[in-house]
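Remember, predicted model here, so these are calculated numbers, not experimental data. Any value given below was found using the heavy atoms of this structure, including those in side chains, with hydrogens, waters and symmetry copies removed.
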Amino acid sequence: MAKPTSKSELLNAAAAGYEQLTELISSLTEKELSTPFSFDEKKKEAHWKRDKNLRDVLVHLYEWHQLLLVWIPANLGGETRPFLPPPYNWRTYGDMNMKFWEKHQNTPLAEAKSMLEQSHREVMALADTFSEDELFQKGVFKWVGTSSLASYFNSNLASHYNWAVKKLKAHRKNCK
């Protein structure tokens with residue numbers, strides 16, 4: 001998937017990715033939903049071992065939405081706040097992901113679905129409040145750093161949904 005270069009491409013890619021994810025989820029069989037995830041040991045990224053079921057994937061997406069939903073309004077309101085909450089940074093965000101995982105071990109699947117649906121709508125609405133220049137030009141917001149605001153939205157929407165779809169398809173394949 002090509003990286004979006006306009007506001008409409010960004011929002012359309014996010015909507016399409018979310019739709020693909022929700023359609024895949026609705027097509028999962030009872031066996032696929034009840035079988036714990038188990039992936040090839042050759043897969044080295046931590047998430048292949050961390051997530052054990054659909055709920056884990058959904059709450060992961062939800063928590064990353066929350067990062068955006070806190071970070072952007074705080075900085076727009078004059079509070080200097082990093083995207084990743086202390087004590088985490090880009091070298092240690094895997095530990096943060098594990099904290100998210102631990103936090104939601106008692107979250108029911110239905111609640112996780114509802115939480116993600118709500119946070120998706122909120123992040124989409126937030127993205128829509130920005131102009132094309134605010135989203136895509138670097139340096140518009142000092143607190144975004146050397147990236148563009150659009151890159152944060154894309155990473156937390158379309159790219160993250162693609163990650164989830166890939167993981168769920170791998171699980172489906174393992175269930176056959």
Side-chain angles (χ1 to χ4, degrees), residues 1-22 43-51 55-104 107 112-168 170:
M1 170 193 281
K3 196 163 90 173
T5 58
S6 69
K7 180 177 177 176
S8 63
E9 286 179 8
L10 176 74
L11 295 174
N12 289 339
Y18 184 74
E19 183 177 343
Q20 182 183 18
L21 175 61
T22 57
K43 295 183 183 289
K44 297 297 181 199
E45 296 94 344
H47 72 88
W48 292 106
K49 289 179 179 51
R50 180 193 66 224
D51 300 327
R55 186 245 0 253
D56 292 346
V57 172
L58 300 182
V59 296
H60 176 85
L61 296 171
Y62 164 81
E63 288 291 347
W64 277 81
H65 285 170
Q66 296 311 300
L67 294 176
L68 269 181
L69 293 168
V70 168
W71 177 63
I72 292 172
N75 281 283
L76 288 174
E79 178 187 341
T80 302
R81 181 182 209 125
F83 178 70
L84 297 176
Y88 305 107
N89 59 47
W90 290 110
R91 286 188 300 277
T92 63
Y93 74 93
D95 296 336
M96 180 186 69
N97 285 336
M98 277 306 298
K99 289 290 184 197
F100 293 158
W101 182 88
E102 291 167 4
K103 175 182 173 182
H104 288 284
T107 301
K113 287 179 180 179
S114 178
M115 291 163 48
L116 180 62
E117 182 181 332
Q118 178 65 31
S119 66
H120 169 77
R121 281 195 307 268
E122 291 173 5
V123 173
M124 292 291 284
L126 181 60
D128 198 35
T129 66
F130 292 97
S131 70
E132 189 115 0
D133 287 347
E134 289 171 326
L135 286 168
F136 288 92
Q137 285 189 10
K138 295 178 182 178
V140 173
F141 300 111
K142 181 181 171 189
W143 43 271
V144 176
T146 59
S147 208
S148 70
L149 191 54
S151 68
Y152 282 89
F153 279 110
N154 189 54
S155 293
N156 281 275
L157 292 167
S159 291
H160 231 161
Y161 297 153
N162 289 339
W163 163 84
V165 165
K166 182 185 294 187
K167 179 170 256 193
L168 293 175

Testing the basics here: between [X] and [Y], what is the closest heavy-atom pair and its distance to 0.1 Å?
{"X": "A112", "Y": "L58", "value": "CB-CB, 4.1 Å"}
{"X": "A13", "Y": "P4", "value": "CB-CG, 4.4 Å"}
{"X": "E132", "Y": "T5", "value": "OE2-O, 3.9 Å"}

List the residues meeting side-chain contact (heavy atoms from CB on, under 4.5 Å) with [X], not counting sequence neighbours, and say none if there are none.
{"X": "R50", "result": "H47, H60, N97, M98, W101, W163"}
{"X": "A170", "result": "F39, W48"}
{"X": "A127", "result": "L11, F153"}

Go through the structure and list residues passing side-chain hydrogen bond (donor to acceptor under 3.5 Å, both in side chains) with [X], not counting sequence neighbours.
{"X": "E19", "result": "none"}
{"X": "Q66", "result": "none"}
{"X": "K99", "result": "none"}
{"X": "S6", "result": "S8"}

How long is the gap from [atom1] on [X] to [atom2] on [Y], to the nearest 0.5 Å?
{"X": "N162", "Y": "N154", "atom1": "CG", "atom2": "CG", "result": "8.5 Å"}
{"X": "E134", "Y": "T129", "atom1": "CD", "atom2": "OG1", "result": "7.5 Å"}
{"X": "M115", "Y": "T107", "atom1": "CE", "atom2": "OG1", "result": "5.5 Å"}
{"X": "E63", "Y": "N156", "atom1": "CD", "atom2": "CG", "result": "11.5 Å"}
{"X": "L157", "Y": "M124", "atom1": "CG", "atom2": "CE", "result": "6.5 Å"}
{"X": "L126", "Y": "I72", "atom1": "CG", "atom2": "CD1", "result": "4.5 Å"}

Using the side-chain contact (heavy atoms from CB on, under 4.5 Å) rule, take K113 and T22 through it: C-alpha gap first, then chi angles, then the decisive distance, then the call.
CA-CA 9 Å; K113 287 179 180 179; T22 57; over 6 Å; no
Within the side chain of T92, is there an N or O that forms a donor-acceptor pair under 3.5 Å with the backbone of N89?
yes
Ignoring hydrogens and angles, write down the donor-acceptor pairs under 3.5 Å from the side chains of residues 81-88, residues two or more places apart or on other chains.
from	atom 1	to	atom 2	distance (Å)
R81	NH1	E79	OE2	3.0

For L21 and L61, run side-chain contact (heavy atoms from CB on, under 4.5 Å): C-alpha distance rounded to whole Å, both residues' side-chain angles, the deciding distance at 0.1 Å, then the answer.
CA-CA 11 Å; L21 175 61; L61 296 171; 3.7 Å; yes
For W71 and Y152, take the angle between the two ring planes, folded into 0 to 90°, and tell me which bin it lands in: parallel under 30, tilted 30 to 60, perpendicular over 60.
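Tilted: the ring planes of W71 and Y152 meet at 30° to 60°.
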Side-chain donor-acceptor contacts of residues 137-148 below 3.5 Å, not counting sequence neighbours, with atom names and distances?
from	atom 1	to	atom 2	distance (Å)
Q137	NE2	D133	OD1	3.3
S147	OG	S151	OG	2.6
S148	OG	S151	N	3.2

Considering the options Y18, Y62, W64, which one meets the ring-ring contact (aromatic ring centres under 6.0 Å, His included) requirement together with H120?
Y18
Qualifying salt bridge (charged side-chain N to carboxylate O under 4.0 Å, His left out) pairs with a residue from residues 116-128, counting only residues at least two apart or across chains
K7-D128, E117-R121
Would you please test L67 and F100 for side-chain contact (heavy atoms from CB on, under 4.5 Å) and show each step?
CA-CA 11 Å; L67 294 176; F100 293 158; 4.3 Å; yes
Holding to ring-ring contact (aromatic ring centres under 6.0 Å, His included), I want the full list of residues that pass it with F136, two or more places apart in sequence or in another chain.
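Not a single residue meets the ring-ring contact (aromatic ring centres under 6.0 Å, His included) criterion with F136.
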